[in-house]
Structure formats: structure tokens, C-alpha cells
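Notes follow once the structure below has been shown.
Below, each value reflects all heavy atoms present in this structure, side chains not excepted, and no hydrogens, waters or symmetry copies. Proteins come first, then strands; the chains are lettered A, B, ... in the order of their sequence lines, and each starts at number 1.
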Amino acid sequence: MDFVAQLTLFVLAIFLGVELITKVPPTLHTPLMSGSNAISGITLVGALIAAGSDAGLLINVLGFIAVVLATINVIGGFMVTNRMLAMFKRK
Amino acid sequence: MQISDNWIDIAYLISAVLFVLGIKGLTKPKTAVRGNMLAAAGMGVACVVTLLHRDIVTYEIIIAGVIVGGVIGAILAKKVQMTAMPQLVALLNGFGGGASFAVAAAEFFRGGHPDMVGIIATGAAVLIGAVTLTGSFVAFAKLQELIGGKPMGFPGMKLVNALLLIGSLVAIGYLVANPGTPAVFWALAIAAAILGVLLVLPIGGADMPVVIALLNSYSGIAASAAGFVMGNSALIVTGSLVGASGLILTQIMCKAMNRSLTNVLFGVMAEAG
């Protein structure tokens with residue numbers, strides 16, 4: 001993908017992100033933060049590619065570290081968000 | 001098995017749509033649970049399809065990493081006390097920033113993109129990723145009461161922060177001119193890590209949720225920068241989505257607490273002194 005196409009995606013996604021969130025009731029502040037934190041674990045995609053490439057030991061080690069950290073972020077993030085939301089439901 | 005880049009990018013588009021619907025859902029009480037599920041599904045799609053990427057030749061390291069990370073993440077999420085949720089989010093966010101940092105480091109040492117855009121993006125991912133990593137850990141330590149919740153600092157702290165930031169930018173500039181200099185790369189990483197600690201230390205415990213929201217926005221931007229390094233549309237779109245929506249959420253949370261963002265970030269020392 002060339003740089004201009006990447007930049008286009010970047011700028012449009014920024015605008016979309018700004019428009020996406022307007023009013024949020026205070027009880028949902030923490031779950032929304034937690035949920036979008038889990039989504040930022042998307043860096044796992046890059047981590048998988050680095051960990052599985054044949055570019056050398058150092059790259060694989062860095063990739064392994066990245067996979068572990070990003071997976072903690074993703075799995076922990078979605079699970080804990082689910083727990084928070086389940087707590088609100090029971091009230 | 002391998003599939004063409006087009007199919008992978010189409011799957012990334014589907015996962016981006018799921019993330020948008022997920023974030024939207026999370027803003028309303030009625031749809032919040034479904035929103036979280038949609039976002040998790042989006043992540044599942046993105047990760048599974050990535051396994052078919054042509055650069056991936058070995059799966060042992062991936063499987064080991066996913067198992068280790070998955071078990072740790074699940075245990076953290078299951079065991080944490082309800083009252084300790086904010087600091088867990090801080091901790092998880094720090095891991096996310098650390099992951100983006102490690103991805104950028106891997107790409108740097110692979111020497112894949114020594115052009116200007118690639119190096120600037122690498123520098124941004126390292127700088128923001130490392131700030132997110134250490135800043136989130138300080139936020140975690142404050143909320144967990146491992147260190148005092150009170151604002152901490154020393155005279156001239158802002159000057160030191162400014163110098164660290166300028167030094168980091170100079171280091172990125174140097175790497176653009178001389179891409180193969182690992183010493184400068186590590187100097188940048190260390191300066192950014194110290195900057196993350198110093199930025200969060202002077203902020204009081206009561207303002208910490210806002211800081212975590214802001215650091216969450218940073219980790220999105222770091223992921224997006226890593227996306228520019230790797231030329232990966234999933235990282236670029238989703239990272240910037242989280243970065244922008246996280247910033248708006250930060251503002252909303254500030255308003256709800258009757259604080260201004262500048263006050264939270266820079267005003268505390270003045271109040272304390």
C-alpha cells in the first residue's frame with residue numbers, strides 16, 4: 001500500500017473516531033475506555049507477523065514479546081469489559 | 001495455507017467495521033454488551049486472517065506467545081476485584097503500548113523500511129509506545145497504592161520533560177539520516193520510557209482515570225504508527241480510530257469531573273506548590 005493511501009485511511013479513521021463518540025453516560029465511561037483499550041490491542045496483528053517471520057532470532061524474540069503483551073491486552077481487555085458490563089446488568 | 005493480500009485486506013475491512021459498531025454500541029447502556037462482543041469478533045477476524053499472511057512461515061512462536069499471553073490476560077481479568085478495575089485497565093493498556101513498541105523495534109532491526117516515512121513512523125511508535133508503557137505502569141502503581149497517590153515531582157521537572165521530548169525528536173531525526181544506528185534507537189527508547197514516568201508522576205490519584213483514558217488514546221496512536229511501519233491497514237485504521245475516540249472520551253470524562261485536560265496534565269504541580 002502506498003503512503004498516500006495509508007495517510008488517507010489514517011485521516012479518515014481519525015475523523016470517524018471523533019464523530020463516533022458523542023454522548024456517553026458516566027456509568028459507561030470505564031467500560032468504554034476498557035473496551036477501546038482492548039481494541040488498541042490490534043497491534044497483535046503486527047506482533048503475529050513479526051513473531052512468525054523468518055527474519056532472524058532477534059526479530060522472533062521481539063515478536064514473541066509483542067505477541068505475549070498484545071494478547072494479554074486483548075484477552076484481558078475484552079474479558080474485563082464483559083465483567084464490568086455484567087455487573088451493571090444485575091443492578 | 002496462504003491467501004492473497006486482497007483477501008486479507010477485505011477481512012481487515014470487515015474487522016474495522018466490527019470495531020466501529022462495537023465502539024458505537026459501547027456508548028449506550030442497551031447495546032454495550034453486544035458492542036463489546038462485536039469488537040471482540042472484529043479482533044478475532046483480524047487475528048485469524050493474519051495467520052494466513054505470506055510473511056508468516058513458522059507458528060511455534062506465535063502459538064507459545066498467544067498461550068502465555070492468553071492465560072495471563074484471562075487470569076488478570078477473572079481474579080481482579082471490581083474496585084481494582086481502573087488500575088487493571090491501566091496495566092493492560094501499558095502492555096498494549098509495550099507491544100506496539102516491540103513491533104516497531106522488530107521492524108527496525110529487520111531493516112524493512114529505511115525510508116523517511118518508515119523511520120518517522122518507527123520513531124513515533126517507539127516514542128508513544130514507550131511513554132504509554134511506563135506511564136500506564138505509574139498510573140497502575142498509583143491506583144494500586146504501590147507508590148503514593150499524591151502528586152510527585154521536583155523543581156525543573158517540566159524543563160527535564162521538554163528536554164527529553166526534544167531529545168527524542170532529535171534522535172528520530174538522526175535515525176532518518178542514519179537508519180542503521182541501534183545505539184540511537186535505544187537512546188530514544190530510554191528517553192521515551194523516562195518521559196512516560198515523569199509525565200504521570202506529578203498527577204494525583206483522583207485524576208488518574210482521565211490519564212488512563214488519555215494513555216489509552218496514545219496506545220491507539222502507537223498501534224497506528226506501527227501500522228505505517230508495516231504497511232498494515234488494520235493497524236492504521238483501528239489504531240487511529242481508538243486514538244481519536246479515546247481522546248474524545250478523555251475530554252468527556254474531564255467534563256464529567258469538572259476538570260480541564262490542561263489542568264489535569266499541567267496544572268497540578270502549580271496547585272500543589
**Prompt:** For B/Tyr12, is it the side chain, the backbone, both or neither that has a heavy atom under 4.5 Å from a heavy atom of chain A?
**Reply:** side chain
**Prompt:** Non-hydrogen atoms of chain B under 4.5 Å away: do they reach the side chain of A/Ala38, the backbone, both or neither?
**Reply:** backbone
**Part of B/Val20 within contact of chain A (heavy atom distance under 4.5 Å)** = both
**Fill in**
Assert top hit (heavy-atom pairs under 4.5 Å, partner chain A, pool B/Met82, B/Glu107, B/Lys24, B/Glu60) equals B/Met82
**Proximity breakdown for B/Val80 and chain A, heavy-atom pairs closer than 4.5 Å** = both
**Request:** Name the option with the most non-hydrogen atom pairs under 4.5 Å to chain A; the candidates are B/Thr238, B/Val68, B/Thr250.
**Result:** B/Thr238
**Request:** Could you look at B/Val89 and say if it's the side chain, the backbone, both or neither that has a heavy atom under 4.5 Å from chain A?
**Result:** both
**Prompt:** Checking heavy atoms, do the side chain of B/Ser224, its backbone, both or neither come under 4.5 Å from chain A?
**Reply:** side chain
**Fill in**
Under 4.5 Å to a heavy atom of chain A? For B/Pro29 that would be both
**Request:** Check each atom of B/Ala16 against the heavy atoms of chain A and say whether the ones under 4.5 Å are side chain, backbone, both or neither.
**Result:** neither
**Item:** Partner chain B: residue of A/Asn73, A/Leu58, A/Ile72, A/Leu62 with the largest heavy-atom pair count (under 4.5 Å)
**Value:** A/Ile72
**Nearest-0.5 Å distance that lies between atom CZ in B/Phe95 and atom CD1 in A/Ile65** = 12.5 Å
**Prompt:** Between B/Asn36 (side chain) and A/Phe78 (backbone), is there a donor-acceptor pair under 3.5 Å?
**Reply:** yes
**Residue of the set A/Val24, A/Thr81, A/Leu20 for which side-chain contact (heavy atoms from CB on, under 4.5 Å) holds with B/Leu26** = A/Thr81
**Message:** Counting heavy-atom pairs closer than 4.5 Å to chain B, which one of A/Gly56, A/Gly76, A/Pro25 comes out on top?
**Reply:** A/Gly76
**Short side-chain to backbone donor-acceptor contact, B/Asp55 and A/Ser53, under 3.5 Å** = no
**Item:** Minimum side-chain heavy-atom gap B/Thr58-A/Asp54 below 4.5 Å
**Value:** no
**Per-residue contact mode, A/Val74 against chain B (heavy atom under 4.5 angstrom)** = side chain
**Most chain A-contacting option - heavy-atom pairs closer than 4.5 Å, from B/Leu241, B/Ile72, B/Asp5, B/Leu91** = B/Leu241
**Message:** Counting heavy-atom pairs closer than 4.5 Å to chain B, which one of A/Val11, A/Ile14, A/Thr30 comes out on top?
**Reply:** A/Ile14
**Request:** Could you check A/Asn37 against B/Leu215 for side chain to side chain contact (heavy atoms under 4.5 Å, CB included), going step by step and ending with a plain yes or no?
**Result:** CA-CA 9 Å; A/Asn37 166 53; B/Leu215 288 168; over 6 Å; no
**Message:** Under 4.5 Å from any heavy atom of chain A, what part of B/Ile61 do you find: side chain, backbone, both or neither?
**Reply:** both
**Request:** Find the one option among A/Leu32, A/Leu9, A/Leu7 whose heavy-atom pairs under 4.5 Å with chain B are most numerous.
**Result:** A/Leu32
**Asked** So do the side chains of B/Cys47 and A/Leu48 get within less than 4.5 Å of each other, counting heavy atoms only?
**Response** yes
**Asked** With distance as the sole test, does A/Arg83 use its side chain to make a donor-acceptor pair with the main-chain N or O of B/Lys78 at under 3.5 Å?
**Response** yes
**Item:** Side chain / backbone / both / neither for B/Met253 at chain A, heavy atoms under 4.5 Å
**Value:** both
**Prompt:** Rounded to the nearest 0.5 Å, how far does CG of A/Leu28 lie from NZ of B/Lys28?
**Reply:** 10.5 Å
**Asked** With a 4.5 angstrom heavy-atom cut-off, which part of B/Val117 approaches chain A: side chain, backbone, both or neither?
**Response** side chain
**Message:** Report which part of B/Lys30 has an atom under 4.5 Å of a heavy atom belonging to chain A: side chain, backbone, both, or neither.
**Reply:** neither
**Message:** When you compare the side chain of A/Lys23 with that of B/Thr27, does any pair of heavy atoms fall below 4.5 Å?
**Reply:** no
**Item:** B/Ala256, part contacting chain A, at a heavy-atom distance under 4.5 Å
**Value:** side chain
**Prompt:** Highest number of heavy-atom pairs under 4.5 Å with chain B: which of A/Thr22, A/Val18, A/Asp2?
**Reply:** A/Val18
